Asks: 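The following block contains the structure, expressed as structure tokens.
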2 protein chains.
Amino acid sequence: MTLNYTFKALSDPTRRKILDLLKEEDLTAGEIAEHFNMTKPSISRHLNLLKQAELIWDERKGQFIYYSLNTTVFQDLMKWVLQFQNQGGTGNE
Amino acid sequence: MTLNYTFKALSDPTRRKILDLLKEEDLTAGEIAEHFNMTKPSISRHLNLLKQAELIWDERKGQFIYYSLNTTVFQDLMKWVLQFQNQGGTGNE
DNA sequence: TAGATATTTAGCTATTTAGCTAAATATATA
DNA sequence: TATATATTTAGCTAAATAGCTAAATATCTA
């Protein structure tokens, strides 16, 4: 179940901040790491979790790997949240 | 930051299933526990985490404690998700 | 008040997670 | 090819999390 990965990925504040950064512009792994008081390997692992959840994409350009948002998963997330606004119904019909 | 509690609470499949159940109707702690292959104390802890995140309310009626959805937090969650649909902007303006 | 039912709290253990350092991999360039 | 830069992978440790059982708390009713 892919929504499980989505929520797991979103449960960490560092990872949500990474998404906030990528909302503005695509960034390399190094540029992302600069925004945090944390080692690059730690950020790399967070990026990997976000990638597994398909919340972000990666693309290598020479020495650099650029990360960007994947907005489609947010649409699925939106559908999930909407179920709880419209009372009644299973959300699966 | 309350959104942090929200996402932590939503990161567990059991807790999301509890929300699905409460979407249909208010239920007692015992009724909720019946839907899971898990002890009542374990369910009780999950309910407590959902309550801390203000995703649900509880109300005692005699021997029973009824749980119900609090839809207002889902609205905040919705705002958060929407930021990532409309590219550009910080979402804080 | 005593006993039954509903639920939570306390305390324990196994698993998962997030951080670190050191080493490995990939690319660019002299 | 050798060296430098960018990033990830591997392996470790401390802290957090989810499950359990046993005990405590709250309410109802005989």
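Chain identifiers are assigned alphabetically (A, B, ...) following the order of the sequence lines, protein sequences preceding nucleic acid strands; residue numbering begins at 1 within each chain. Bear in mind that the values here come from a model prediction, so they are computed numbers and not experimental data.
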Asks: Of all residues at least two apart in sequence or in a different chain, which pass the ring pair (Phe, Tyr, Trp, His ring centres under 6.0 Å) check with B:Y67?
Replies: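 Partners of B:Y67 under the ring pair (Phe, Tyr, Trp, His ring centres under 6.0 Å) test: none.
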
Asks: Return the value, rounded to whole Å, for the distance between atom CZ of B:F7 and atom C1' of C:dT17.
Replies: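 Roughly 19 Å, once rounded to whole Å.
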
Asks: A:D76: which residues meet the side chain to side chain donor-acceptor pair (under 3.5 Å) condition with it, sequence neighbours left out?
Replies: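 By the side chain to side chain donor-acceptor pair (under 3.5 Å) rule, A:D76 matches no residue at all.
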
Asks: To the nearest angstrom, how far is A:I65 atom CD1 from C:dA26 atom C1'?
Replies: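 Nearest whole value for this atom pair: 8 Å.
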
Asks: Which residues satisfy the side chain to side chain donor-acceptor pair (under 3.5 Å) test with B:S42, sequence neighbours excluded?
Replies: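 Residues passing side chain to side chain donor-acceptor pair (under 3.5 Å) with B:S42: B:T39.
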
Asks: Taking CG from A:N4 and P from C:dT16, how many angstroms apart are they, rounded to a whole number?
Replies: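 Whole-Å distance recorded here is 13 Å.
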
Asks: With sequence neighbours excluded, what pairs up with B:D26 under the side chain to side chain donor-acceptor pair (under 3.5 Å) test?
Replies: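 Applying side chain to side chain donor-acceptor pair (under 3.5 Å) to B:D26 gives none.
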
Asks: Could I get the full list of side chain to side chain contact (heavy atoms under 4.5 Å, CB included) partners for B:L77, not counting sequence neighbours?
Replies: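 A:W80, A:V81, B:T6, B:F7, B:L10, B:F74.
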
Asks: Taking only residues at least two apart or on different chains, which pairs with a member in residues 39-54 of chain A satisfy salt bridge (Lys or Arg N to Asp or Glu O under 4.0 Å)?
Replies: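 Every salt bridge (Lys or Arg N to Asp or Glu O under 4.0 Å) pair that includes a residue of residues 39-54 of chain A, provided the two are not neighbours, is A:K51-A:D58.
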
Asks: Quick one, which residues of residues 32-43 of chain B touch DNA chain C with a heavy atom under 4.0 Å?
Replies: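 Heavy-atom cutoff 4.0 Å gives B:K40, B:P41.
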
Asks: Could you check B:K8 against B:Y67 and say which one's nearest nucleotide on DNA chain C is further toward the 5' end?
Replies: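 Result: B:Y67.
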
Asks: Say whether, by atom type as modelled, one donor and one acceptor occur between the side chain of B:Q85 and the main chain of B:L82 under 3.5 angstrom.
Replies: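 A pair under 3.5 Å: no.
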
Asks: For the pair made of CD in A:Q63 and C1' in D:dA6, what is the distance, rounded to whole Å?
Replies: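 For the pair A:Q63 CD and D:dA6 C1', the rounded distance is 6 Å.
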
Asks: Under a 4.0 Å heavy-atom cut-off, which of residues 45-61 of chain B touch DNA chain C?
Replies: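 Those residues whose heavy atoms fall under 4.0 Å from DNA chain C, taken from residues 45-61 of chain B, amount to none.
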
Asks: Under 4.5 Å side-chain heavy-atom separation, chaining through any Ile, Leu, Val, Met, Phe, Trp or Tyr, what else clusters with A:W57? Say none if it is isolated.
Replies: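 Other cluster members: none.
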
Asks: Return no unless some side-chain N or O of B:T14 is found under 4.0 Å from OP1 or OP2 of D:dA18.
Replies: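 No, no such contact exists.
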
Asks: Can you tell me how far C1' of C:dT17 sits from OH of A:Y5, to the nearest Å?
Replies: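 To the nearest whole Å, that distance equals 15 Å.
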
Asks: Counting side-chain heavy atoms from CB outward, which of C:dA6, C:dT27, D:dT7 is closest to B:F64?
Replies: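 Minimum distance to the B:F64 side chain belongs to C:dA6.
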
Asks: In whole angstrom, what separates B:L10's CG from D:dT17's C1'?
Replies: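 Atom CG in B:L10 sits about 16 Å away from atom C1' in D:dT17.
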
Asks: Could you grab the distance from atom CD1 of B:I56 to atom OG1 of B:T71, nearest 0.5 Å is fine?
Replies: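 It comes to 13.5 Å.
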
Asks: Which whole-number value in Å describes the distance from A:L27 CG to D:dA6 P?
Replies: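 One finds 15 Å between P of D:dA6 and CG of A:L27, rounded.
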
